[in-house]
Undergrad: 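Okay, here's the structure, questions in a sec.
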Amino acid sequence: MSPKQEIAQQWIDAVTPDIRAAVEERAKDGAITCTIARIVAEELEVPYQVIGAAANQSDVRIINCSLGCF
């Protein structure tokens, strides 16, 4: 997630411990690819923005983003 991009409070509030854990489990060296982040969102049936908020809370960077979702 770009440091300039603000996260809406509704997405921050939607992050649960399980969502954070899923992001942290998939991260390697403090980063997760955009593709993997989208897969996690689809597996957990949450909007991409929630995964972005979870990554931000966990200090996990989303890398190789080609769609601009995060």
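Side-chain atoms are counted along with the backbone in the values below, which use heavy atoms only and exclude waters and symmetry mates.
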Undergrad: Measuring from atom CD1 of Ile51 to atom CD1 of Ile32, what distance do you get when rounded to the nearest 0.5 angstrom?
TA: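 Between Ile51 CD1 and Ile32 CD1, I get 7.5 Å after rounding to 0.5 Å.
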Undergrad: Counting only heavy atoms not in Asp29 (residues, nucleotides, ligands), do more than 12 fall under 6.0 Å from its CG?
TA: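 Count not over threshold, so no.
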Undergrad: How close do Trp11 and Ala53 get, counting heavy atoms only, and between which atoms?
TA: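 It is O-CB, 3.8 Å.
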Undergrad: Answer yes or no: is there a side-chain heavy-atom contact under 4.5 Å between Ile12 and Gln57?
TA: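 Ile12 vs Gln57: side chains touch.
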Undergrad: Can you see which heavy atom on Ile62 is nearest to which on Gly52, and at what distance?
TA: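 In terms of heavy atoms, the two residues are closest at CD1-CA, 4.1 Å.
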Undergrad: Are more than 12 heavy atoms, taken from residues, nucleotides or ligands other than Glu45, located less than 6.0 Å from that residue's CD atom?
TA: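 No, the 6.0 Å shell around CD holds no more than 12 heavy atoms from other groups.
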Undergrad: Please find the pair of heavy atoms, one from Ala14 and one from Ile19, that lie closest to each other, and give the distance.
TA: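 So the minimum-distance heavy-atom pair works out to O-CD1, 3.7 Å.
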Undergrad: A side-chain contact here means heavy atoms from C-beta on lying under 4.5 Å apart; do Thr35 and Asn64 qualify?
TA: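 No. Closest side-chain heavy atoms not under 4.5 Å.
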Undergrad: Looking at every non-hydrogen atom in both residues, tell me the closest pair between Val23 and Ala55 and how far apart they are.
TA: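 Where Val23 meets Ala55 most closely, the heavy atoms are CG1-CA, 3.9 Å.
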Undergrad: Are Gln49 and Ile7 side-chain neighbours, meaning at least one heavy-atom pair lies under 4.5 Å?
TA: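 No, side chains not in contact.
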Undergrad: Which distance, rounded to the nearest 0.5 Å, do you find between the CZ of Arg38 and the SG of Cys65?
TA: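 Here the interatomic distance stands at 7.0 Å.
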